[in-house]
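Okay, structure first, notes after.
Bear in mind that the values here come from a model prediction, so they are computed numbers and not experimental data.
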Amino acid sequence: MTTTPNTDEAPGKPTEDGANASAVVLVPVGSAAAVRRTAPIAALLATASGGAITFLTVRQLRYDMVGRPDRVPDWLNEIVSELDFDGISIEVVARLGQSVVGAIEDTARELEASTLVLHWESDEVTIPGAERAAFAQLFAQPPCTALLLRGRFEPSGTPSILVAGSGERATGAAIETATALLAVTGGGELRMLEVLAPNATDAEIAEASETFSVDPPESRNGIRTVVVARAARSREGAVLELLAEEPADLAIVAAPREGVIRSLSRTRLPQRLLQPAPTPVLIVNRPEARPLTWFHRMWNPVYQRLPKQTEEEKIATYMQLRRAARANVDYYVLMALAAAVATLGLLLDSAAVVIGAMLIAPLMSPIAGSALGVVQGDAKLLRLSIGSVLSGTAAAIGVAVVVAYALPGTEPTSEFTARTEPGLLDLLVALGSGVAAAYTLSRPGLSAALPGVAVAAALVPPLASVSVGIVLTEWQDAAGAGLLFGTNLVAIAAASALTFLWLGFRPDADRADRFGVFGRGVAGLFALLLIVAIPIGVLSARALEGDARAADAEQAITQVATTIGGLELASLEVTNDVGGEPLTVRARLLAEQAMLPEHSEALRAALERALGEPVRLEIEVTQLLRDGP
């Protein structure tokens, strides 16, 4: 063994005993136990590649460490000195870094490491809790071939290695790793597992075994290849079942492909599913193609610095939202008061009163609770939250109808009208409010920002507008306000779900039912988001078209009025044609002289030329008297 101190020697330079230092096996460690568990397999890999081993220890940088040099811990030097791997160069490196995972990535790239060996015990990786989400990102897009080891692999005699990876991107790396390990140990058995659908018949299994065994990999270095076909619901389940029947010295599993839902949930990474395996387990992943690699090189530093939640904070957030999502007496009292105040604000045309109703309404918590129920795959929390939202919505509409009906002289106001014509900007506001709500509810110390989020979200005023529209029998306005409420509700829930995923909330990997709720819930949320986005988009397009028509009409009337002289345009309203009726233009003009029939005809002709269709012109003329020269 050759032990090299921490130096700045360039990678790729041959060592004294001839090892090729460019084939570096990088092993991040945080304890003496981790060194003992990873050293044997690191030595086998270094021997197979003719390279070297680098043990890396990282300390997170604090303000009181600035200016301090990196120093290898005494315990690491001591245990490395006990290792006896003849002909293998071993280097020990210590780094300070703002992020443990970031330091691992930087070191791997600086050393041009060929293999990264990580280790996990129980169901967690031996990296500090705050780093776990970033670790998932590191293993999903590693800087080099990454191995995640559970247990300690020390082969003796003729070892047997089981490889499972059919259909996965990293299957090739898994087979290469198994072949290299067996070649170094002098040969052994390589069992390749082919997983079929769970309903496959015995005949199909036998046929698959024959098919895949027709041209097995070339036997060399004493390696005997056997192909085993097995019907199972999951690759991990097939591995556990096969190991229980025919034990192996090591199980190597290719990391799964990162689909959209899977990469968000991180629930199918196999280290937790393979925890019951009776033998050491090695999960293998290999980097993506270069375009994706460059993207992740830019994204990973940003991702690692984004705020994440510890397990304790996640539990606290979950318990808080579970309590707040329950519809109790206080919830219904606040909903009734919010609905009453919002209705009064709409009828008084008072924005301040409407804002007060937004602050009272407790709807945000159950909506966020439903989003968390989807992300956690918690059907019970999801049902509880949706029930609270529906019952609270019904109570608010009922109270608002009673208030609007009881007050005399109820008429539409600008505050009411403003909530009957939703557009794409309202959808964007709701999405931003959903992100802010989930982030505020999840981060300790940010509760003071929640009232501002409630104001931006505007959930109760649209419900009050629905009720006022019902009382006034303005069904189109009531439908528009209902669409605005539905848009806000769905957009807030969808944006909150994405934010909870970003903060690290996930379904439990060992609960298949929860993963099913997660998948169906995410699909349902985004289907609803698409459903509300379509009419919102149509209304926005019509609004833009109406604005364009109004601008053309205003320009045409202004030009004619200038030509006639003594006319000024005071106001203009363009009504879209409905049911084949011609376009209606209502104009109020200020005139210094009497309007003649030929004047109105000139105005109508100019409008038809500008708008390109027949126009029904309604003109209101007000006599304009000027005092003075």
Side-chain angles (χ1 to χ4, degrees), residues 133 260-261 263-266 299 302-303 306-309 313-314 317-318 320-322 324-325 358 361-378 381-382 384-386 388-390 392-393 419 422-443 446-447 449-463 482-507 517-537 540:
V260 175
I261 297 296
S263 63
L264 286 175
S265 69
R266 299 286 180 204
W299 166 245
V302 176
Y303 181 84
L306 292 176
K308 303 292 187 303
Q309 283 204 307
E313 289 172 340
K314 291 178 188 177
T317 301
Y318 177 85
Q320 173 192 351
L321 281 178
R322 188 177 181 85
M358 299 177 192
L363 262 180
M364 185 63 72
S365 291
I367 295 175
S370 64
L372 184 59
V374 168
V375 172
Q376 291 284 113
D378 189 339
L381 176 59
L382 185 58
L384 175 68
S385 301
I386 292 177
S388 297
V389 171
L390 294 178
T393 299
R419 290 168 175 83
L424 285 177
L425 291 180
D426 296 299
L427 178 61
L428 295 177
V429 169
L431 289 171
S433 300
V435 173
Y439 188 81
T440 302
L441 290 167
S442 301
R443 302 295 291 173
L446 293 184
S447 58
L450 197 56
V453 176
V455 171
L459 289 165
V460 170
L463 288 178
L483 177 60
L484 176 59
F485 173 75
T487 300
N488 289 347
L489 177 65
V490 173
I492 290 171
S496 297
L498 284 177
T499 306
F500 285 132
L501 283 170
W502 161 38
L503 291 172
F505 289 91
R506 306 286 185 269
V517 172
F518 169 80
R520 292 190 298 272
V522 170
L525 273 179
F526 286 96
L528 289 173
L529 191 61
L530 180 62
I531 289 172
V532 298
I534 291 174
I536 287 288
S540 297

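Between Leu441 and Gln320 the shortest heavy-atom distance is O-OE1, 3.6 Å. Leu459 and Leu489 make their closest contact through CD2-N, 4.3 Å (heavy atoms, listed as atom of the first residue, atom of the second, distance). Smallest separation of non-hydrogen atoms from Arg419 and Pro462: CD-N, 4.2 Å. Heavy-atom minimum distance, Val517 versus Leu382: CG1-CD2, 4.4 Å. Taking all atoms of both residues into account, the shortest heavy-atom contact from Thr440 to Ala436 is OG1-O, 2.6 Å. The two atoms that bring Ala324 and Pro366 nearest to each other are O-CD, 4.3 Å, heavy atoms only.
Between atom CD of residue Gln376 and atom CG of residue Leu501 there is a gap of 9.5 Å, rounded to the nearest 0.5 Å. Atoms CG and CG, from Leu483 and Asn488 in turn, are 9.5 Å apart once rounded to the nearest 0.5 Å. Put simply, CG on Leu372 and CD1 on Ile367 are 14.0 Å apart, with the number rounded to the nearest 0.5 Å. Taken from CG in Leu321 to OG in Ser442, the straight-line distance is 6.5 Å, to the nearest 0.5 Å. Going from atom OG1 of Thr487 over to atom CG of Leu528 covers 11.0 Å, rounded to the nearest 0.5 Å. To the nearest 0.5 Å, the span separating CD1 on Ile492 from CG on Leu529 amounts to 11.5 Å.
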Donor-acceptor contacts, no H, no angles, side chain residues 425-432, under 3.5 Å, sequence neighbours left out:
| unit_1 | atom_1 | unit_2 | atom_2 | d |
| --- | --- | --- | --- | --- |
| Asp426 | OD2 | Gly423 | N | 2.8 |

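In this structure, the side chain of Ser540 engages the main chain of Leu424 through a donor-acceptor pair within 3.5 Å.
Scanning for side chain to side chain contact (heavy atoms under 4.5 Å, CB included) contacts around Ser385 gives Ala325, Ser370, Leu381, with sequence neighbours left out. Residues satisfying the side chain to side chain contact (heavy atoms under 4.5 Å, CB included) criterion with Leu525, sequence neighbours excluded, are Val374, Ala493, Ala497.
Between Phe505 and Phe500, the ring-plane angle classifies as perpendicular under the 30° and 60° cut-offs.
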